[in-house]
Amino acid sequence: MNDLANTIDDRTPQRPDTLLGADELVINMGPQHPSTHGVLRVKLKLDGERVIGSECVIGYLHRGVEKIAENRSYQQFAPYVDRMDYVAAVSNGLGYCEAVEKLLMVEAPPRARVIRTILTELQRIASHLLWLGTHALDIGALTPLFYCMREREEILKIFEKYCGARLTTHAFRIGGLQYEAYDTLEKDVERFCRGFEARIQEYSDLLTGNSIWLGRTRNVGLLKAEDCIALGASGPVLRASGVKWDLRKAMPYAAYDQYKFEIPVGANGDTYDRYLVRIEEMRQSRLICLQAIENIPAGPIMARVGKVLKPPPGEVYHAIEAPKGILGYYIVSDGGTQPYRVRIRPPSFINLQALDKMIRGHLVTDVVAIIGTPDIVLGEVDR
Amino acid sequence: MADESKAPQSPESPKPAAPGPSAAPPAAGAPASLATKPVAPAAAASPPVQVPLDNELSRRYRERFGAAILDALEDRKQAILVVEALQFREVARYSRDAEKFDLLEDFTAVDWPRREKRFDLVAQLYSFPNNTRLRLKCALRAEEQADSLFSVWPAANWLEREIFDMYGIVFRGHPELKRILLPDEWQGHPLRKDYDILQQDTAWVRENLGIESGQ
């Protein structure tokens, strides 16, 4: 007996502050882990199953997009931005085109701006749908993925009909649009939007009151509003923490100033609130699309811009509310045909910075839920 | 069509473009003088895009910091303050506390190899209460270190790591300054203008990927 007591004694905690009296354990999550949504590697420092620290290792998808920009003409670079947040390519393109338009001091014609708004809002729905499906899958709900993919497919078909591409669309051009809206665009969008209300209700029925869902997401990954702002987190993450702020309202671009919509906010800033905010955002996006197709102004779709773009020397910063948060472009021109510097402010990269704050104190199983909740796309984190 | 005719040109273009803004003759003088003169001379033909900024905001900054505010200008209706590098953090702190620019929206750098002060640090600030943006800039010499903004906005953490990674600018007071997107052992800072677009750390690629070239 004494011997046994001694052996146990030998293992007395060297660090009495850890739960099991054991040393901290460092494990790697990713880069090949299904729940990390790409090639994200998170080094977790664990006490038993509780996370006491973490570090993100990123850069596996780094392609040097900003360097490429300095070696392409303004138009040549436009398709590259689609490949950052590749599940919301239309939004990336909108931000870039509008930034260059600001640099050139031209404005896209009203018709182009309305069509841009419609496509961008559809893209927001598609992006949120993919997020919802995969996030629910991470937590163990298999069904929503199939539902979400089904509706996302309808949106991608609209994109395909409009510009021929589904994922990396390159839908917009600097100065407006290359393609006129196809004949049944309004009808297609309307059909989708009319049916979509019931679909959102379906997701909501599956998850919102589901006790497993509530148990896995409520009070998980809390982020207070001050922390969000200090860490730069934006988009649904910021709104879920109770900040009623949306760039579409604060500094309207495209045609957003013409439409009525609400900014959904959460109360606690947990994973569940972020889910509710995104569900409501899809409803609002649907309303914007319905308002926009009511009245698409006639007229040209392209502003007068030259074939060779030479913006006057200077710089401009333009940001839009992408599905993931503030997507900003800071472009410096030296008067030449190629940008002197293009800086992309990627929402995923900066939101990911808040991950450490969110997962501290949680269990490893919750980490899976929390990695999903800021809705990161590694193509954009790494650029 | 225009795009096609440009395509073959692009692989070669980094070479002339790399040393700096010389690629575009009419603008060659303009960017170099940006730091000191608000209005770019080359833009004289077209309507001026950069005008001196003289409003309540710039006056408050000038009153508070005097000569440390090197320049205040407006480019395409966006406010820019050029600040003495040594005062950059103080100006940032004042912006957050007194001017309510509570969000560091973005923080980045621009390389101007021909200037005496080679790097521009550029911070995009946003104020939630006032719904306004402000751009703070400061210029650094090639080996000069900058003060980290981490103590003002924790958001600067990864942004400064990215600047260090891409430009090699060292931030004093940063809690953990190391590369973020490139591997830790990588040699060189890719967004510097003297780093060619086809250049890479071939030794690293050979050693870690087992291939001769990453292209």
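Here the structure is a predicted model, which is why all the values come from computation and not from measurement. Chain letters run A, B, ... following the sequence lines, proteins first and then strands; every chain starts at 1.
At most 12 heavy atoms of other shown residues, nucleotides or ligands fall within 6.0 angstrom of atom CZ in B:R141. For NZ of A:K357, the number of neighbouring non-hydrogen atoms (other residues, nucleotides, ligands) closer than 6.0 Å is 12 at most. By the 6.0 Å contact criterion, NZ on A:K224 is open, its count of non-hydrogen atoms from other residues, nucleotides or ligands being 12 or less. Within a 6.0 Å radius of NZ in B:K178, other residues, nucleotides and ligands contribute more than 12 heavy atoms.
Taking both residues in full, the closest heavy atoms of A:I229 and B:L103 are given as O-CD1, 3.6 Å, listed atom of the first, atom of the second, then distance. Shortest non-hydrogen contact noted between B:D106 and A:R343 is OD1-NH2, 2.9 Å. The minimum heavy-atom distance between A:I68 and B:I197, with the atom names listed, is CA-CD1, 3.9 Å.
With hydrogens and angles ignored, the 3.5 Å screen pairs a side-chain donor or acceptor of A:Q353 with a backbone N or O of B:A155. Side-chain atoms of A:R341 come within 3.5 Å of backbone N or O of B:A109 as a donor-acceptor pair. Proximity of a side-chain donor or acceptor of B:R76 to a complementary backbone N or O of A:L103 within less than 3.5 Å is detected. Between the side chain of A:K67 and the main chain of B:D196, no donor-acceptor pair closer than 3.5 Å is present.
Using a 4.5 Å cut-off between heavy atoms, A:V381 contacts chain B through its backbone alone, with no side-chain atom that close. Both the backbone and the side chain of A:I58 have a heavy atom closer than 4.5 Å to some heavy atom of chain B. Neither the backbone nor the side chain of A:L61 comes within less than 4.5 Å of any heavy atom in chain B. Using a 4.5 Å cut-off between heavy atoms, B:V152 does not touch chain A at all. Using a 4.5 Å cut-off between heavy atoms, B:P190 touches chain A through its backbone atoms (N, CA, C, O) alone. In this structure, chain B has a heavy atom under 4.5 Å from the side chain of A:I350, while its backbone stays farther away. Contact annotation for B:D111: only backbone heavy atoms (N, CA, C, O) come within less than 4.5 Å of a heavy atom of chain A. Interface residue B:L191: backbone and side-chain heavy atoms are both found under 4.5 Å from chain A. A:L247 touches chain B through its side chain: at least one heavy atom from C-beta onward sits under 4.5 Å away, while N, CA, C and O do not. In this structure, chain A has a heavy atom under 4.5 Å from the backbone of B:F107, while its side chain stays farther away.
Screening B:Q78, B:R135, B:E105, B:Q124 for a side-chain hydrogen bond (donor to acceptor under 3.5 Å, both in side chains) involving A:Y317 leaves a single residue, B:E105.
In terms of heavy-atom pairs under 4.5 angstrom with chain A, the leader among B:M166, B:E162, B:E176 is B:E162. With chain A as partner, the option from B:D165, B:L159, B:V110, B:D102 having the largest number of non-hydrogen pairs under 4.5 angstrom is B:V110. With chain A as the partner, the residue from B:T108, B:L104, B:L182 showing the most heavy-atom pairs under 4.5 Å is B:T108.
Using the six-membered ring where Trp is involved, B:F128 and A:W245 have ring planes that are perpendicular, over 60° apart on the 30 and 60° scheme.
Between B:I80 and A:E315 there is a side-chain heavy-atom pair separated by less than 4.5 Å. No side-chain heavy atom of A:V316 sits less than 4.5 Å from a side-chain heavy atom of B:D75. In this structure, the side chains of A:R383 and B:L181 come closer than 4.5 Å at one or more pairs of heavy atoms.
Rounding to the nearest 0.5 Å gives a distance of 6.5 Å between OG1 of B:T132 and CE of A:M251.
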Exercise. Should A:I326 and B:Y126 be marked as a side-chain contact (heavy atoms from CB on, under 4.5 Å) after you check the CA-CA gap, both sets of side-chain angles, and the distance that decides it?
Worked result: CA-CA 11 Å; A:I326 304 171; B:Y126 177 78; over 6 Å; no
